[in-house]
There are 2 protein chains.
Amino acid sequence: MSRPKKAAACCGDAPMTKHQCILAAAQEVFLEAGYAAASMDAVAARANVSKATIYAHFENKRALFEAMISARCEATFSDLGVPEAYTDARQALLELALHFLNLIVAPEALAIHRVVLAEAPRLPEVGEAFYAAGPIRAHARIGALFSDLTRRGLMAVPDCDTSLVTDLFLGMLKSDIHTRALLNLPPNERSIQSIADAAVDMLMARYGAKA
Amino acid sequence: MSRPKKAAACCGDAPMTKHQCILAAAQEVFLEAGYAAASMDAVAARANVSKATIYAHFENKRALFEAMISARCEATFSDLGVPEAYTDARQALLELALHFLNLIVAPEALAIHRVVLAEAPRLPEVGEAFYAAGPIRAHARIGALFSDLTRRGLMAVPDCDTSLVTDLFLGMLKSDIHTRALLNLPPNERSIQSIADAAVDMLMARYGAKA
DNA sequence: GTCTATAAGAGGATAGAC
DNA sequence: GTCTATCCTCTTATAGAC
């Protein structure tokens with residue numbers, strides 16, 4: 001058979017194939033050290049395999065990196081929060097806002113963001129994969145919520161403005177919180193909660209339904 | 001004398017000391033390749049000096065990198081736009097907004113941002129220097145404008161909200177434009193101008209002076 | 001301060017046995 | 001597919017002459 005066989009768990013509890021083992025090790029090493037500073041030796045050691053085995057599964061360092069990024073982007077950004085039943089625009093927006101903020105300041109998301117930005121000029125596909133898995137999905141999810149709230153008469157966002165307003169809203173949420181988190185600086189005194197509150201306020205002042 | 005002497009122009013037209021020459025070369029090499037992938041050989045070649053000369057001026061690769069980042073952050077983010085005389089809040093905000101957006105999407109600012117984010121977890125001082133030279137200054141500048149506009153009765157931002165509103169406004173401006181630019185993706189169909197317009201609209205809907 | 005030359009080692013990738 | 005051992009290049013940093 002051409003597919004790799006199962007292997008005893010080499011990095012954790014669940015049994016993983018060598019392929020998965022290598023990807024998991026690559027994630028740790030690349031996200032900790034950055035692409036260039038990460039060595040194939042370090043990945044091999046972390047995965048408990050030989051370097052030659054890595055090259056049997058991935059053409060070269062770059063291919064391993066791209067495969068890892070692709071897999072992690074999907075996993076990390078797949079869940080932006082389930083749509084709940086709601087009758088109040090503020091509550092629905094707040095819930096999604098908090099979910100979004102907690103997602104983008106999670107350590108793994110930040111580490112991926114950093115390494116993707118760093119290599120984007122030299123590895124365009126990596127930047128595109130990240131953008132499609134993260135920002136595009138978030139935009140679509142929030143935009144859909146605005147459309148739904150407007151259809152129900154709970155907001156008043158014209159169709160032609162939905163995309164623009166979504167961008168502004170997500171920008172407000174990220175505000176300085178995201179920048180500081182990416183720079184590895186301690187969180188601001190203002191909590192995620194108060195930023196989310198203020199962003200929703202600003203949004204509703206302009207696009208709330210006329211009572 | 002202990003200070004390095006003047007040297008013939010080695011990288012451009014104006015005469016530069018070897019020290020400046022090395023810093024200029026380091027900027028190009030580090031910003032193009034990233035910290036780890038950049039080599040001291042490449043810097044030496046670009047500066048037209050020997051590697052040994054670099055080590056006479058800077059203790060090691062890391063020190064050279066930090067010196068370069070420090071110098072470039074100061075130079076790149078020093079000018080966020082001169083305060084003009086204004087009688088209209090919208091016009092003043094728009095002017096500053098456009099200046100800010102054009103500054104953060106400039107190729108050099110993007111390159112610095114990428115490399116600083118990439119190394120921030122391992123070189124904390126670099127992240128702090130960048131934050132102090134860029135985001136802190138922008139925040140102070142915009143916050144001062146809000147205060148001034150409010151004092152003149154052209155806006156209504158309570159003192160206790162100034163910092164928070166500044167964060168939200170800057171976040172709206174960056175919106176998706178900054179993320180896309182950092183990822184080296186082609187600019188969005190929406191122009192910088194329309195994002196700035198919309199952000200000012202949203203802001204004035206909530207914090208405009210009551211007419 | 002500046003150079004040439006080189007030490008000392010890390011890192012990507014492969015050969016060949018099993 | 002997997003391993004051990006190795007090739008060879010590139011890289012940081014320094015020694016020693018001027």
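Letters A, B, ... mirror the listed sequences (proteins, then strands); counts begin at 1. Keep in mind the model is a prediction, meaning the values are calculated, not measured.
B:His19 has its NE2 atom 10 Å from the P atom of C:dG1, to the nearest Å. Atom pair B:Tyr55:OH and C:dA5:P shows a separation of 19 Å (rounding to whole Å applied). We find that CE of B:Met40 is positioned 21 Å from P of C:dA7, with the value rounded to whole Å. Summarising the geometry, the separation between OH on A:Tyr35 and C1' on C:dG11 is reported as 12 Å, rounded to the nearest angstrom. Atom-to-atom, NZ of B:Lys18 to C1' of C:dT2 comes out at 7 Å; the value is rounded to the nearest Å. Regarding A:Ile54, its CD1 atom lies at a distance of 13 Å from the P atom of C:dT14, rounded to whole Å. At whole-Å resolution of the value, CG in A:Asn60 and C1' in C:dT14 are 13 Å apart. The separation between B:Phe65 atom CZ and D:dT12 atom P is 13 Å, rounded to whole Å.
Here C:dT2 is the nucleotide among C:dT2, C:dG12, D:dT2 with the atom lying nearest to any side-chain atom of B:His57. Closest to the side chain of B:Thr53, out of C:dT2, C:dT14, C:dT4, is C:dT2. With C:dC3, C:dA13, D:dT11 as the candidates, the nucleotide lying closest to the side chain of A:Lys61 is C:dA13. Across D:dT2, C:dT4, D:dT12, the shortest atom-to-atom separation from the side chain of B:Asp41 is found for D:dT12.
A:Arg46 has a carboxylate O that lies under 4.0 Å from a charged side-chain N of A:Glu32, or vice versa, which qualifies the two as a salt bridge.
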Practice task
With side-chain contact (heavy atoms from CB on, under 4.5 Å) as the test, would you mind laying out the steps for B:Leu64 and B:Leu23 before giving the verdict?
Solution key: CA-CA 8 Å; B:Leu64 172 60; B:Leu23 276 176; 4.2 Å; yes

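A:Ser39 comes within contact range of the sugar-phosphate backbone alone, with a heavy-atom separation under 4.0 Å but no base atom that close.
When the side-chain nitrogen and oxygen atoms of B:Lys51 are compared with OP1 and OP2 of D:dA15, none of them lie within a distance under 4.0 Å.
One distance of note links NZ of B:Lys51 with OG of B:Ser39; it measures 7.5 Å at 0.5 Å rounding.
Cation-pi geometry between A:Lys174 and A:Phe169 is not met: the NZ or CZ atom fails to fall both under 6.0 Å from the ring centre and inside 45° of the normal.
Each of B:Ala38 and B:Ala52 was matched to the nucleotide of DNA chain D holding its nearest heavy atom; the match closer to the 5' end belongs to B:Ala38.
A:Ser175 and A:Arg190 share no side-chain donor-acceptor pair at under 3.5 Å.
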